Amino acid sequence: MATKYYVVWKGREPGIFTDWPSCKKQIDQFPGARYKSYPNLLEAESAFKGNGAASKSNGKAGTKAVKKGGLKTYTAIEITQLTAQTKIFTDGGCEPNPGEAGSGIAVYRENALEELWYGLYNPNGTNNTAELNALHQALMMAKDEIKKGLSVAIFCDSKYSIQCVTQWAVGWKKKGWKKAGGEIKNLELIQDMFACYQEIKNEIQVLHVNGHVGVEGNELADRMSILAIEQGDGEFTRYRKAINIDEILATRAG
């Protein structure tokens with residue numbers, strides 16, 4: 001059966017979805033929901049971005065930065081077209097928030113999936129700490145990839161995590177790791193991440209991708225974060241089973 005792409009302009013989370021159950025969750029009993037199915041991703045992306053009110057209001061699947069100082073969101077096609085040899089997708093999950101948290105990563109080389117990682121379980125975590133932990137692991141992996149002479153891009157669906165490390169930390173450090181609004185949450189972790197990022201920032205891209213819109217690497221990282229929670233694994237561990245993408249994607253999403 002051919003894959004359909006479901007565009008949700010108005011729902012709990014606007015975006016593009018690759019299966020009906022995911023789309024249905026966004027629109028079911030949502031007042032004034034607007035959605036439509038398309039036979040391929042190009043048509044779906046064109047339709048989604050072509051809806052001026054929707055795309056301007058939420059910035060999903062856009063091809064331009066949402067605002068000055070904001071982040072461009074990369075689509076599945078743009079991700080594939082990027083020339084980075086190693087592409088690392090990160091995600092963190094927490095059930096509930098705060099609650100049990102875990103992190104996941106999917107590593108692609110030359111656009112082929114090679115590794116999955118999961119772990120860093122925290123029984124009293126938050127979604128933000130889980131996302132930060134995943135990005136931290138990706139930065140450390142990126143250092144190793146760069147040492148091998150490979151170009152690297154990291155894709156994260158947490159704007160908070162990306163901006164903490166690539167934008168906000170610069171100012172926080174200049175002010176003695178303080179900010180006007182009060183304490184910097186997850187400070188020690190952010191400091192470690194910022195130090196790592198500073199070493200490789202000229203040789204790496206840290207980019208934003210929307211979660212749960214059918215980007216394979218992001219979806220796989222999400223499933224790994226849920227696996228971390230289910231198994232309660234405090235270590236960050238490589239997934240050792242045979243990788244069957246369809247089977248993994250069929251497991252519970254975060």
Side-chain angles (χ1 to χ4, degrees), residues 13 17-19 21-22 25 79 86-109 112-145 152-162 164-165 185-194 196-197 206-254:
E13 181 181 345
F17 301 84
T18 57
D19 61 275
S22 297
K25 284 197 301 185
I79 291 167
T86 302
K87 297 173 182 177
I88 306 173
F89 294 81
T90 78
D91 201 16
C94 192
E95 299 180 333
N97 185 27
E100 294 185 275
S103 302
I105 278 179
V107 180
Y108 290 70
R109 294 189 180 90
L113 177 64
E114 289 202 1
E115 300 173 15
L116 296 171
W117 293 77
Y118 66 98
L120 302 179
Y121 172 76
N122 183 345
N124 299 298
T126 67
N127 189 66
N128 282 344
T129 57
E131 294 277 10
L132 286 168
N133 275 325
L135 181 54
H136 188 199
Q137 294 297 318
L139 288 167
M140 291 189 289
M141 288 181 181
K143 284 180 66 174
D144 292 335
E145 296 293 297
V152 184
I154 295 174
F155 299 91
C156 174
D157 65 11
S158 168
K159 290 184 178 182
Y160 161 79
S161 298
I162 296 173
C164 275
V165 176
K185 293 182 179 180
N186 308 306
L187 176 58
E188 191 171 319
L189 176 56
I190 290 169
Q191 287 175 322
D192 289 344
M193 295 171 68
F194 182 63
C196 183
Y197 174 70
V206 183
L207 308 173
H208 180 255
V209 59
N210 280 324
H212 302 296
V213 295
V215 175
E216 183 184 273
N218 172 263
E219 298 289 353
L220 290 170
D222 167 77
R223 302 310 189 275
M224 290 297 104
S225 72
I226 296 303
L227 180 63
I229 294 171
E230 292 176 342
Q231 296 199 357
D233 198 329
E235 299 297 320
F236 203 61
T237 306
R238 184 170 176 177
Y239 184 82
R240 292 297 180 183
K241 296 180 182 179
I243 297 178
N244 184 314
I245 294 175
D246 289 338
E247 285 185 4
I248 294 171
L249 291 178
T251 61
R252 184 165 63 91

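Quick caveat: nothing in here was measured; it's all calculated off a predicted structure.
- Within the model, atoms CE of Met224 and OG1 of Thr237 stand 11.5 Å from one another, a figure rounded to the nearest 0.5 Å.
- Residue Asp192 holds its CG atom at 11.0 Å from CG of Leu132, rounded to the nearest 0.5 Å.
- When all heavy atoms are compared, the tightest approach of Asn218 to Thr90 is ND2-O, 4.2 Å.
- Between the side chain of Ser103 and the main chain of Ala130, a donor-acceptor pair closer than 3.5 Å is present.
- Rounding to the nearest 0.5 angstrom, the gap separating the CE atom in Met193 from the CG atom in Leu139 is 5.5 Å.
- The minimum heavy-atom distance between Tyr108 and Leu113, with the atom names listed, is CD2-N, 3.3 Å.
- Residue Cys94 holds its SG atom at 9.5 Å from CG of Asn128, rounded to the nearest 0.5 Å.
- Looking at Ile162, Val165, Ile88, Val152 one by one, the single match for side-chain contact (heavy atoms from CB on, under 4.5 Å) with Val206 turns out to be Ile162.
- Within the 3.5 Å criterion, the main-chain N or O of Glu100 finds no donor-acceptor partner in the side chain of Glu95.
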Test side-chain contact (heavy atoms from CB on, under 4.5 Å) on Tyr197 and Ile154 and set out the steps. CA-CA 12 Å; Tyr197 174 70; Ile154 295 174; over 6 Å; no

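- A donor-acceptor contact shorter than 3.5 Å links the side chain of Asn133 to the backbone of Thr129.
- Residues Val215 and Asp157 form no side-chain contact, since every pair of their non-hydrogen atoms from C-beta on lies 4.5 Å or further apart.
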Asp222 vs Phe89, test: side-chain contact (heavy atoms from CB on, under 4.5 Å). Steps then yes/no. CA-CA 9 Å; Asp222 167 77; Phe89 294 81; over 6 Å; no

Would Leu220 and Tyr239 satisfy side-chain contact (heavy atoms from CB on, under 4.5 Å), going step by step from the backbone distance to the final call? CA-CA 11 Å; Leu220 290 170; Tyr239 184 82; over 6 Å; no

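- Without hydrogens or angle criteria, Asp233 side chain to Gly119 main chain gives no donor-acceptor distance under 3.5 Å.
- Arg223 places a side-chain N or O within 3.5 Å of a backbone atom of Thr251 that can act as its donor or acceptor partner.
- A donor-acceptor pair is defined here as one N or O able to donate and one able to accept, closer than 3.5 Å; such a pair exists between the side chain of Asn97 and the backbone of Asn127.
- Electrostatic pairing of Lys25 and Glu13 does not count as a salt bridge here, judged by no charged N lying under 4.0 Å from a carboxylate O.
- Taking 4.5 Å as the limit, some side-chain heavy atom of Leu189 sits within range of a side-chain heavy atom of His136.
- Residues Ile190 and Cys164 approach most closely at CD1-SG, 3.8 Å, considering heavy atoms.
- Within the model, atoms CG of Leu135 and CE of Met140 stand 10.0 Å from one another, a figure rounded to the nearest 0.5 Å.
- Looking only at side-chain heavy atoms (C-beta outward), Tyr121 and Gln231 stay at 4.5 Å or farther from each other.
- Side-chain contact of Ser161 with Glu131: a donor-acceptor pair under 3.5 Å is absent, judged by distance alone.
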Could you go through Phe236 and Met141, starting from their C-alpha distance and side-chain angles, then the distance that decides it, and tell me whether this counts as side-chain contact (heavy atoms from CB on, under 4.5 Å)? CA-CA 12 Å; Phe236 203 61; Met141 288 181 181; 3.9 Å; yes

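- Atom SG in Cys156 sits 7.5 Å away from atom CG in Asp91 (nearest 0.5 Å).
- Contact of the His212 side chain with the Ser22 side chain is not registered, since no non-hydrogen atoms from C-beta on lie closer than 4.5 Å.
- Of the possible donor and acceptor atoms, one in the side chain of Asn244 sits under 3.5 Å from a partner among the backbone N and O of Glu247.
- The shortest distance between side-chain heavy atoms of Glu219 and Thr18 does not fall below 4.5 Å.
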